Amino acid sequence: MDNNSGYKAVLRMARDKPDWIPIIKAALEESNRTENDFAGAWVLNRLKEQETIEWFPNLRSLVSYGILKKEDTTRGGKRAYYSMIDPDGVEKALLKLEKSESG
């Protein structure tokens, strides 16, 4: 992947699925918090705490857009772990989107 992979992927997803932006933000926050792999369930818990989203099916869309990489599955196949491919690029794209929304 090139150095702008996360940046480009977030902008593509924002165009195609803008309702996923809060999920991308929460995934980035988990990535920064853990500095390692994180579970999709942790992203959902973060969104529930922020009262942003109550449910989403899984993070496979973020994998297919090239934002996340699936690392492992545990708990009998019920918990998937992910890593952020290009956290710096993702953060830059989210900042750009915030600026364009605010004016």
Side-chain angles (χ1 to χ4, degrees):
M1 297 253 169
D2 64 47
N3 290 339
N4 294 318
S5 63
Y7 182 85
K8 291 176 183 177
V10 170
L11 295 181
R12 273 194 314 271
M13 192 162 201
R15 183 190 64 235
D16 298 345
K17 298 181 178 188
D19 52 321
W20 278 75
I21 297 303
I23 299 167
I24 296 170
K25 287 179 184 177
L28 179 62
E29 290 168 4
E30 279 302 316
S31 175
N32 289 338
R33 184 184 71 81
T34 62
E35 297 181 11
N36 206 339
D37 300 349
F38 56 91
W42 302 347
V43 175
L44 179 58
N45 289 339
R46 179 175 290 275
L47 290 164
K48 285 181 178 180
E49 287 172 8
Q50 297 170 353
E51 299 179 3
T52 308
I53 292 175
E54 282 297 314
W55 181 85
F56 60 87
N58 53 53
L59 296 176
R60 278 184 271 190
S61 286
L62 298 183
V63 173
S64 68
Y65 274 81
I67 296 168
L68 297 181
K69 177 181 174 191
K70 187 172 180 182
E71 297 291 347
D72 197 10
T73 304
T74 61
R75 292 191 176 198
K78 295 187 181 203
R79 177 166 284 177
Y81 288 86
Y82 301 89
S83 63
M84 183 83 45
I85 294 172
D86 175 20
D88 293 336
V90 168
E91 187 169 11
K92 286 176 186 172
L94 290 172
L95 289 171
K96 177 181 178 163
L97 291 169
E98 271 183 32
K99 286 180 183 177
S100 67
E101 284 178 6
S102 64

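Values below: every heavy atom of this structure, side chains too, minus hydrogens, waters and symmetry copies. Being a predicted model, the structure only gives us computed values, none of them experimental.
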Enter the distance from [X]:[atom1] to [Y]:[atom2] here, rounded to the nearest 0.5 Å.
{"X": "S64", "Y": "K70", "atom1": "OG", "atom2": "NZ", "answer": "12.5 Å"}
{"X": "L62", "Y": "L68", "atom1": "CG", "atom2": "CG", "answer": "4.5 Å"}
{"X": "L28", "Y": "M84", "atom1": "CG", "atom2": "CE", "answer": "5.0 Å"}
{"X": "K96", "Y": "Y7", "atom1": "NZ", "atom2": "OH", "answer": "3.5 Å"}

Can you see which heavy atom on [X] is nearest to which on [Y], and at what distance?
{"X": "I85", "Y": "G66", "result": "CD1-O, 3.5 Å"}
{"X": "L59", "Y": "G40", "result": "CD1-CA, 3.6 Å"}
{"X": "G6", "Y": "D86", "result": "N-OD2, 3.0 Å"}

Next on the checklist: Test of understanding: with side chain to side chain contact (heavy atoms under 4.5 Å, CB included), list the residues that count as partners of D37, not counting sequence neighbours.
Outcome noted: E71, Y81, S83
Please set out all donor-acceptor pairs under 3.5 angstrom arising from side-chain atoms of residues 11-27, sequence neighbours excluded.
residue: R12; atom: NH2; partner: Y65; partner atom: O; Å: 3.4
residue: D16; atom: OD2; partner: Y65; partner atom: OH; Å: 2.9
residue: K17; atom: NZ; partner: S61; partner atom: OG; Å: 3.2

Next on the checklist: Give me each pair satisfying salt bridge (charged side-chain N to carboxylate O under 4.0 Å, His left out) with a member in residues 51-68, each pair once, sequence neighbours excluded.
Outcome noted: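 Listed by first then second residue: nothing to list.
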Name each donor-acceptor pair under 3.5 Å that joins a side chain in residues 41-48 to protein atoms two or more places apart or in another chain, with its distance.
residue: N45; atom: ND2; partner: A41; partner atom: O; Å: 3.4
residue: R46; atom: NE; partner: E30; partner atom: OE2; Å: 2.9
residue: R46; atom: NH1; partner: E29; partner atom: OE1; Å: 3.2
residue: R46; atom: NH2; partner: E30; partner atom: OE2; Å: 3.0

